[in-house]
Each structure stands twice: as C-alpha cells, then as structure tokens.
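Right, one structure below, let's go through it.
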Amino acid sequence: MFNFARLMVSRGHHVTIITTPSNAQLFDKTTIEDDTCFHVHIIRFPSNQVDLPVGVENLLDSYDDQTVGKILMATNLIEPEIEALMKKRAPDIFIPDMIFTWSETLAKSLGIPTLIFNPISIFVFCMIETVKSSSLLPLPYNINPDPSFIKFSESMMENVKKSHGVIVNSFPELEVEYTQHYEKLINNGCKVWQIGPISLMIQKTITKVDEEKNDEYYLSWLNSKEQESVVYICFGSMCLISDEQFFEIARGIEASGHQFLWVVQNKLDKTPLPLPEEGGSSHNALTTLIDHLSTLLPNPIATATAS
C-alpha cells in the first residue's frame, strides 16, 4: 500500500496514509519527509481490546490463525477514528485495503467514492466467490473453513461489490481469464485495475534502480526456455508455511520433473541460495535447498537427490 501511495504521489496527487504506530515504522521516512504531497496520519491500534501484544498490528506479524483473527477484529474497532478523520478532512477518493469490510458503507455515508486495494490477485476473489456459490468443486479433499473466516470472506466480498472498483497488485497478462470471470461474476460494473507488480513499477518510475545481476540471470534463463514451458510458483509473503510443509512441497516440485521458477523467502538463514546451473533447470538449486531443510527438521523423511 505504501508503494502504491508513492506511485500516486509521483503522478502529482496528494496522498494521506492512515495507519497505526507499528505499521508506520515500515515506511521510508526519507520519502515522506522529502515530499510535500505525502502525508501520514497515525491512529491508535486497539491491542488491549483484542488481547494482542503491543506492536503486533499487521498480518505479516501473524504467527498463527488466532493472531490473524484478532488482527481482523481490530480492523473493525478502528472505524470510528477513521470516520472522524474523514469527516474533518474529506478526501476525493478513499482507497482502503480489502480487509476493511466496513469501508464502502462508511465512505458512501460521507459521499466519498471508494476503490478497494487488493494486494494479492483477482484469482483470490474468484475462488472465494466459487467456494461460496458451488458445492461441486473439483477439489482433492473436502474443505471445512472456519465459520469466522467464512463470515469475514463474505463481508469482504460484499464490500468489494459495492465499491467503484478494485485496484490489484497484479498485471492483466497473469490472470486474463480470472479477471474476465470476476467481472462477469460480479456483473455490476465494478471494474478491475491491475497496476502491478507495484514494487517493479517503483523501480522503473521512481527509484530507477538497475536490475540486479540475479534478475538478469533469471530472465536470461527464462528466455532460453520454450514458451509456456516453465511453471512459476510463489505463495507470497503472508503465507504461513511450516518447515515440514516447505520440505514436502519442495520434494513434490522436484519429483514433478517440470521446469519451474519458485520464489521463496530466504528466512532460513542469510546465505543466498545458489543459482541454477547455466542452461539447466533449477533442480540443482532446489536439491540444495531441500538438503538444507532436511538438516533443520526434527524427523526428515528423506534427503532428496537431483533429478
């Protein structure tokens, strides 16, 4: 969201980010201080009311489903303070994150148009709608979502449908069919604007950072492959995957025999993972990763070998 705000400011718009104390620490203070179009308004996070440790204010800080639930509860408790601010300084447009399920109702009562920010993908919205509307899904096992998650998902989707549209941190070529399916599914004129990847847009339009050698290497490797022959795998920065799950996923990917590019968080240690060999697949690098994981797990099933 911060980088999206930076893009808006780069186009000459005045932007005010409403955030909480710990989340404000994630922002680049130099960017804020150097730009008169950029403003940050900090509100209190209701940690005590939801029984959360002070400083845990972001889903990225979540370490289990219970913490996620408490953070989502807190998002409802900050509505009055945001309402008071918007009454005092009404914006031309309100762009909340999709987890604020009350945002459209509030903005409509104040006569302010709303666009919902989706930091993940339009595919997520399609899946939520499909799970909700169909009992005949071709899934390998039965899904029994937590009732509170179902209630939250339904509230989120209702909020999105009432808005003027969705801004997505994705790009059209990545999910053409899902975008078309979503717009057809909603069928109320709610548009989808895919403006990502925002981090790349920041590099290209603001920071002008040269591509790192690793990026050039991966692009060169991808360009050497046939069209649509490489599988891209990424679970995002918010997915809670245990080392055991990570290990099993890695073994399965390697056993598939497909060429792939898997983006992972290097949370295991600070040692960079090795690059795939020139002209080859990424299996050798993956095997190194699996071997490393197997040394960290209490009861590894097996040590994988290169395909």
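Residues N23 and F45 have side chains not in contact (no heavy-atom distance under 4.5 Å, counting atoms from C-beta outward). Taking the side chain as every heavy atom from C-beta outward, S22 and N58 never approach each other to under 4.5 Å. With contacts defined as side-chain heavy-atom distances shorter than 4.5 Å, the pair T19/F27 qualifies. Taking 4.5 Å as the limit, some side-chain heavy atom of V160 sits within range of a side-chain heavy atom of Y182.
Within a 6.0 Å sphere centred on OH of Y178, heavy atoms belonging to other residues, nucleotides or ligands number 12 at most.
A side chain to side chain contact (heavy atoms under 4.5 Å, CB included) with E104 is found for exactly one of N159, L115, I112, namely N159.
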- Item | CA sep, side-chain torsions, deciding dist, call: L174, F123, side chain to side chain contact (heavy atoms under 4.5 Å, CB included) | CA-CA 10 Å; L174 183 63; F123 171 76; over 6 Å; no
- Pair I128-M156, side chain to side chain contact (heavy atoms under 4.5 Å, CB included): steps then yes or no: CA-CA 10 Å; I128 291 174; M156 180 177 68; 3.4 Å; yes
- Message: As a quick check of understanding, evaluate salt bridge (charged side-chain N to carboxylate O under 4.0 Å, His left out) for R251 and E254, giving each step before the final call.
- Response: CA-CA 5 Å; R251 293 180 67 222; E254 186 192 35; over 6 Å; no
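By the 30° and 60° cut-offs, the orientation of the rings of W262 relative to F235 is perpendicular.
Checked by atom type, the side-chain pair N3/S199 shows no donor-acceptor distance below 3.5 Å.
Aromatic ring centres of F2 and F38 lie closer together than 6.0 Å.
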